[in-house]
> 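Quick one: structure below, then a few questions.
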Amino acid sequence: MDLEKHPAAPAPARPAELRASDADRDRIAQILGDALAEGRLTAEEHSDRLDTLYAVKTVGELEVLVRDLPAPGGVHASPAYATPSTTPGDPAETIVAVCSSSARKGRWRPGPHTRAVSVMGDITIDLTEAVFEQQVTEINVTCVLGNVEVLVPENVTLRGYGSGVLGNFEVRGEGRGETDPQAPVVIVRGFALLGNIEARPKLGARLVDLARKLRKRMES
């Protein structure tokens, strides 16, 4: 008889204790955006919950943010772990500049996710004339010995989460009172190594009739 003791296998994590994925965060961000457009959340409440959304780590912590809100389609939001993780929308667009320059500007339609990679290059992402088709647009930036600039309309809510090593990561205009509470939210996340990442509102450039457009999309 084998009396040797074997270490017990670790108990599987309960769903609420699972680490949150990008798809989990996207789903919660969509619920928060819908709640803002419907008037269920104030602009300040939406901003606070959105900041928390990108700070927490587990699925259970995400679920707390929407416990009092209906899910898309009018059904009360169930725990985030009840729905399998799926990546919504189209694949992320990637903008690359290696010892060169690249730009996205004019009348274009950014997807929910855009990835920018600059290696000894310059990238400009100009959203001042862009057509937003979602409440939250996220831009992930990696910059090495280069420069990346993100421009947004002055009444769009801008958020930044990033850092630099012998470089600069700067997001200007966060928390400004004049942003439209119904406006899209642009989140810039990045890392700069011996490079520069800067996101800021372009003064004089505004999106108009944002609330009306969002309501029309929800009703269609």
Side-chain angles (χ1 to χ4, degrees), residues 7-94 110-117 132-142 150 152 156-164 169 171 174-175 179 181-192 197 199 214 217-218:
R14 291 178 295 177
E17 297 171 347
L18 293 176
R19 300 280 292 197
S21 68
D22 288 342
D24 293 327
R25 297 183 196 277
D26 292 341
R27 185 168 57 253
I28 300 303
Q30 181 61 52
I31 295 173
L32 294 176
D34 290 345
L36 174 64
E38 293 170 356
R40 299 179 189 273
L41 292 177
T42 65
E44 182 178 356
E45 289 171 332
H46 178 263
S47 177
D48 290 343
R49 294 195 192 195
L50 198 64
D51 286 341
T52 303
L53 170 68
Y54 289 95
V56 300
K57 298 182 182 301
T58 68
V59 172
E61 290 172 307
L62 289 181
E63 185 270 333
V64 172
L65 298 176
V66 296
R67 184 171 291 167
D68 59 343
L69 300 174
V75 180
H76 191 276
S78 56
Y81 50 78
T83 305
S85 295
T86 56
T87 302
D90 297 326
E93 177 182 5
T94 300
H113 298 277
T114 297
R115 183 174 179 234
V117 179
F132 292 89
E133 297 184 328
Q134 60 279 328
Q135 177 71 21
V136 179
T137 298
E138 184 171 324
I139 301 173
N140 290 276
V141 181
T142 302
V150 180
V152 302
V156 162
T157 300
L158 183 61
R159 293 279 183 265
Y161 305 90
S163 61
F169 177 88
V171 175
E174 290 185 283
T179 55
Q182 301 288 350
V185 177
V186 175
I187 297 170
V188 179
R189 304 174 72 180
F191 174 74
I197 301 172
L214 283 172
R217 281 209 302 268
M218 292 175 58

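Each residue takes its place number in the sequence, starting with 1.
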> Name all residues meeting the side chain to side chain contact (heavy atoms under 4.5 Å, CB included) criterion together with Ala116; count only those two or more places apart in sequence or in a different chain, and write none if there are none.
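Counting only residues at least two positions away or on another chain, Ala116 forms a side chain to side chain contact (heavy atoms under 4.5 Å, CB included) with Ile123, Ile125, Val141.
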> How many angstroms lie between atom CZ of Arg67 and atom CD1 of Ile31, to the nearest 0.5 angstrom?
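Between atom CZ of Arg67 and atom CD1 of Ile31 there are 13.0 Å.
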> Over all heavy atoms of both residues, which pair between Ala199 and Val188 is shortest? Give the atoms and the distance, please.
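For Ala199 versus Val188, the nearest heavy atoms are CB-CG2, 3.9 Å.
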> Do Arg159 and Leu53 make a side-chain contact, defined as non-hydrogen atoms from C-beta onward lying under 4.5 Å apart?
no
> Could you list the residues that satisfy side chain to side chain contact (heavy atoms under 4.5 Å, CB included) with Thr94, not counting sequence neighbours?
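So Thr94 forms a side chain to side chain contact (heavy atoms under 4.5 Å, CB included) with Val96, Arg115.
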> Quick one: pull up CG in Leu62 and CZ in Arg49 and give me the separation to the nearest 0.5 Å.
12.5 Å
> Which distance, rounded to the nearest 0.5 Å, do you find between the CD of Glu63 and the CZ of Arg27?
11.5 Å
> So which atom in Arg19 and which in Val59 form the shortest heavy-atom distance, rounded to 0.1 Å?
O-CG2, 4.0 Å
> Using every non-hydrogen atom in the two residues, find where Leu65 and Asp68 come nearest and quote the distance to one decimal.
O-OD1, 4.1 Å
> Tell me every residue that passes side-chain hydrogen bond (donor to acceptor under 3.5 Å, both in side chains) with Thr58, counting only those two or more places apart in sequence or in another chain.
Glu61
> Kindly write out the residues that satisfy side-chain hydrogen bond (donor to acceptor under 3.5 Å, both in side chains) with Thr137, not counting sequence neighbours, or none if the list is empty.
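Thr137 satisfies side-chain hydrogen bond (donor to acceptor under 3.5 Å, both in side chains) with Gln134 once adjacent residues are dropped.
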> Residues in salt bridge (charged side-chain N to carboxylate O under 4.0 Å, His left out) with Arg25, at least two apart?
none
> Glu45 and Leu41: which non-hydrogen atoms are nearest, and at how many Å?
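Glu45 and Leu41 have their closest heavy atoms at OE1-CA, 3.4 Å.
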> How long is the straight-line distance from OG1 of Thr114 back to CD of Glu138, given to the nearest 0.5 Å?
9.5 Å
> Can you name the closest pair of heavy atoms from Pro184 and Val156 and give their distance?
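Closest approach of Pro184 to Val156: O-CG1, 3.3 Å.
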